Amino acid sequence: MISIKNEQIYKSITFSEVLVAMENAILANDAGQIYTPQRMHINVKQNTFLTMPCFGEKYFSTKLVSVFPDNADKDIPLIFGTVILNDGDTGKPLAILDGKAITALRTGAIGGLSVKYLVPENIENIGVIGTGVQGLHQALFACTVRKNIKNIWLVNRSAERLAWFEQEFKAYFPNINLHKTKNTRELLQKSQLIITATTSPTPLLPNDANLLKGKHFLAVGSYKPDMRELPEALFSLVDKVYVDTFHAIEESGDLAFPMEKGLLKRTQIDTLAQHIRQQTRPTNNSQTTLFKSVGLAAFDLFAAALVYERRVVVLRC
């Protein structure tokens, strides 16, 4: 069994390769070609431990994740994770991979797919709320699939995190301008695509339909019923809500709350995979769209398999 560390993962693959792998993963999951048991949550106070197994034809994987929100005050990551990849025929352990890199890349790529299939090609301005690892990767993949982006507007409480975000982002896209905004209202006014990547228990954006209308929302932060990033008024504007998995309906407060209040119907929710199969691209800039992601073990499996196969080739050369 080989160990593949964070920096080795990034050197092994490109963003374009991860996008292809994640499109294959979301379509395979939707078609029932892989077996993905619902992940197990263990909640102790505000902390969460997750186990996420997934079985494919060639490999199976298990991701172990801890989420400790108070780590933000200790200047250490909120999330730690490890992915174990096994041979699908024998069960032999093949690799242990850094879960931070796998999670960041696969979640960023799933968000990038939603931008590719739901957001007009001519957008120039993105707003990002939450400048941690997830916010960074959502921005990186959005800029990978949308070449006209010129500005990214940022909201975060920590000046240090903003500086880190700028350093990391500029390594990939040095010509895109980064701006700090005073608040989420200003960010919303200046952005066409709004990315939320926080663990907030209450909505981040103004509950103002006039400000929300005609925007495109990519929400990746809320993964528990008591977490909400999105305001109620948004659900009066969207005809469809796209998800990576229907488990999002129960797992995320961003969907559970509006459904409970009668603001969102089950018939309005569909998977991004079904939209991708139709191969339709956005043409109406005035449409309001929403993609909600809570993650899926299938994404870890396909990302880990991609990295493992690329890494084995490198080791053999």
Side-chain angles (χ1 to χ4, degrees), residues 67 69-73 75-79 104 107-108 111-112 114-115 119 123-144 146 149-174 176-224 226-235 237-238 252-254 257 288-294:
V67 185
D70 287 349
N71 285 358
D73 299 327
D75 199 28
I76 58 176
L78 277 66
I79 302 173
T107 308
S114 78
V115 175
V119 179
I123 66 164
E124 297 183 351
N125 299 286
I126 294 178
V128 180
I129 306 173
T131 53
V133 172
Q134 288 299 335
L136 170 67
H137 284 77
Q138 294 299 325
L140 289 173
F141 277 93
C143 293
T144 298
R146 287 292 175 264
I149 292 171
K150 297 178 180 179
N151 300 290
I152 297 185
W153 306 88
L154 304 169
V155 168
N156 194 275
R157 293 175 299 174
S158 168
E160 183 178 347
R161 293 305 289 176
L162 283 169
W164 171 86
F165 184 104
E166 181 173 9
Q167 178 181 350
E168 295 294 321
F169 182 85
K170 287 289 188 177
Y172 292 94
F173 296 100
I176 295 178
N177 301 310
L178 301 180
H179 312 273
K180 181 181 178 181
T181 58
K182 293 179 293 185
N183 50 49
T184 57
R185 177 174 288 272
E186 181 186 3
L187 177 140
L188 191 57
Q189 291 170 334
K190 293 182 175 180
S191 306
Q192 296 157 289
L193 166 65
I194 294 87
I195 296 168
T196 60
T198 76
T199 56
S200 176
T202 56
L204 302 165
L205 297 162
N207 194 38
D208 185 338
N210 289 327
L211 279 175
L212 301 167
K213 187 176 181 180
K215 309 289 185 177
H216 311 279
F217 296 87
L218 166 53
V220 302
S222 167
Y223 62 92
K224 293 197 295 186
D226 60 352
M227 293 179 178
R228 291 174 58 206
E229 297 185 294
L230 305 174
E232 296 178 26
L234 177 59
F235 296 94
L237 302 171
V238 293
S252 172
D254 276 333
F257 179 84
T288 308
T289 62
L290 168 61
F291 174 68
K292 173 59 196 166
S293 174
V294 294

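Because the structure is a prediction, the values reported are computed rather than measured.
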For a quick test of reading the model, state the closest non-hydrogen atom pair linking [X] to [Y] and the distance between them.
X      : Y      : result
Val128 : Ala139 : CG2-CB, 4.2 Å
Lys215 : Gln189 : NZ-O, 3.9 Å
Gly253 : Ser222 : N-OG, 3.4 Å

(message) Could you work out, with ring-ring contact (aromatic ring centres under 6.0 Å, His included) as the rule, every residue matching Phe235, not counting sequence neighbours?
(response) none
Donor-acceptor contacts, no H, no angles, side chain residues 205-213, under 3.5 Å, sequence neighbours left out:
from	atom 1	to	atom 2	distance (Å)
Asn207	OD1	Glu232	N	3.2
Asn207	OD1	Ala233	N	2.7
Asp208	OD1	Asn210	N	3.0

Can a donor-acceptor pair be found, under 3.5 Å and without considering hydrogens, that links the side chain of [X] to the backbone of [Y]?
X      : Y      : value
Thr184 : Leu204 : yes
Ser191 : Leu193 : no
Arg146 : Val115 : yes

Student check: side-chain heavy atoms of [X] and [Y] closer than 4.5 Å:
X      : Y      : result
Asn125 : Lys190 : no
Phe173 : Thr144 : yes
Cys143 : Ile152 : yes
Tyr223 : Val67  : yes

Could you work out, with side chain to side chain contact (heavy atoms under 4.5 Å, CB included) as the rule, every residue matching [X], not counting sequence neighbours?
X      : result
Asp226 : Lys224
Asp73  : none
Glu160 : Asp75, Ser158
Leu136 : Leu140, Trp164, Phe165, Glu168, Phe169

(request) Taking salt bridge (charged side-chain N to carboxylate O under 4.0 Å, His left out) as the test, write out the residues that go with Lys170, two or more places apart. (result) none
(request) Not counting sequence neighbours, which residues clear salt bridge (charged side-chain N to carboxylate O under 4.0 Å, His left out) with Lys150? List them please. (result) Glu124
(request) Could you please spell out the steps behind the side-chain contact (heavy atoms from CB on, under 4.5 Å) verdict for His137 and Thr107? (result) CA-CA 8 Å; His137 284 77; Thr107 308; over 6 Å; no
Applying side chain to side chain donor-acceptor pair (under 3.5 Å), can you list everything that pairs with [X], at least two apart in sequence or on another chain?
X      : answer
Asn177 : Asn151
Ser114 : none
Glu229 : Thr196, Thr198

Nearest 0.5 Å, what's the [atom1]-[atom2] distance between [X] and [Y]?
X      : Y      : atom1 : atom2 : value
Ser293 : Gln138 : OG    : CD    : 7.0 Å
Leu154 : Ile126 : CG    : CD1   : 10.0 Å
Leu230 : Asp254 : CG    : CG    : 4.0 Å
His216 : Ile194 : NE2   : CD1   : 8.5 Å

(request) Please collect all salt bridge (Lys or Arg N to Asp or Glu O under 4.0 Å) contacts where either partner lies in residues 133-143, sequence neighbours excluded, each pair once. (result) none
